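What you see is a predicted model, and the numbers here were worked out from it, not measured in a lab. Just so you know, ligand 1 is whichever comes first in the structure, and atom 1 is the first atom listed for that ligand.
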Amino acid sequence: MLKTRILTILGSPHDLNSNTRAMVEDFVEEIALAGLPLEHQVISLGKMEVKPCLGCWNCTQQKLCPLRADNLEAIKVAMVECDMLIVASPVYTNQITAQMKAFFDRLFTWCHIFPLLGKYSLSACTTGNDGMKPVGRFLQKMLATYGTSSFGHIQSMGGFTPGYFPFREKARKKNRKLARKIAGTIKHWKTLPVSSLQRKMFRVMREKMSGCNTFRYLADSDSKSDVVPNSLKLKMMKNILAKNDIVEEDIERISRMMEFEYNWWKERNWLKTRSFRQLANTPVPPGFNIKERLLEC
Ligand SMILES: Cc1cc2nc3c(=O)[nH]c(=O)nc-3n(C[C@H](O)[C@H](O)[C@H](O)COP(=O)(O)O)c2cc1C
């Protein structure tokens, strides 16, 4: 039986001494004990160089990232190749760590294209005593944004100082039931139901892409847009543009925003999809190499 490849992206700077890592490793061990053959790789952002995004938008324009010499590329490869992704961060001042935020920001284009569709996922966090809610919510949202199907979130208080995590055993016991459920699901490659967060992120992204499409149509109705926009929407948009003194030159400029993402949606035949399920069930067109494309941006 093939081993399930589980990848954890760890936002803690503590690497081997991290409380969050300890909780996740216990959890993955429980999945293995429940009978799922697996291999677990942990990428510790504290040990990697992932510089903060410069906000140049190059990636959205199919141009190279000026920071590409750092370690992000290797992390992206691991993400594309895994079967299940775990994003794990301690609470730092009520949020994820700066290392983890830099990592998510650098995947700007990935936020709009459901790059990891079809993969399982989970989020995890530890804390001293508070801040788990905002971290859990944020990590879950990111997992849905990437298109993954999440088993949920695991968390624990009582991570007091690095390597001092007296609630560790309690967390392991509490999470055992979920670990067993995950093992059973993955063993049979069962599909999880579409979640409300996936539905929500679909609506948000479709709105963005339909906006891109409308601007392309306004900039050059003959060649640039793929789908003819709804006439009422077009009329409303023209009114808004006129009221805000947005001239032809601006429209042309806006129409070129998110070129990479727009082309992804267009080439994967997603522009006309009406639901997350429909998008997920649209076959990948022949010649569209997902891995190659994801490493391009
Ligand atoms: C800079 C910093 C900020 C922190 N902020 C919070 C916080 O807002 N609330 C809290 O309860 N614990 C906070 N903690 C404690 C950590 O969340 C806790 O020790 C966690 O288990 C560390 O996990 P790690 O070993 O995986 O890095 C903070 C710790 C540090 C170093």
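Checked against the 6.0 Å centroid criterion, the rings of Phe114 and Trp264 do not qualify as a close aromatic pair.
In terms of polar-atom proximity, defined here as any N/O pair under 3.5 Å, Asp130 does make such a contact with ligand 1. Any N or O atom pair closer than 3.5 Å counts here, and Gly128 shares at least one such pair with ligand 1. Residue-to-ligand polar distances keep Pro13 apart from ligand 1: every N/O pair is separated by 3.5 Å or more. Between Asn17 and ligand 1, no N or O atom pair is found at a separation short of 3.5 Å.
Counting only residues at least two apart or in different chains, ring-ring contact (aromatic ring centres under 6.0 Å, His included) contacts with residues 41-83 comprise Trp57-Phe108.
The protein heavy atom nearest to atom 18 (C) of ligand 1 is Gly159 O, 2.9 Å.
In this structure Val28 satisfies the side-chain contact (heavy atoms from CB on, under 4.5 Å) test together with Ile6, Val24, Leu38, His40, Ile86, sequence neighbours excluded.
Taking every non-hydrogen atom of Ser12 and a distance limit under 4.0 Å, the qualifying atoms of ligand 1 come out as 24 (P), 26 (O), 27 (O). Per-residue contacts place Asn129 under 4.0 angstrom from the following atoms of ligand 1 (heavy atoms of the residue considered): 10 (C), 11 (O). Heavy-atom contacts of Phe160 reach the following atoms of ligand 1: 19 (O) (cutoff under 4.0 Å).
Residue contacts with ligand 1, taken as heavy atom pairs separated by less than 4.0 Å, involve Thr127 via backbone and side-chain atoms alike.
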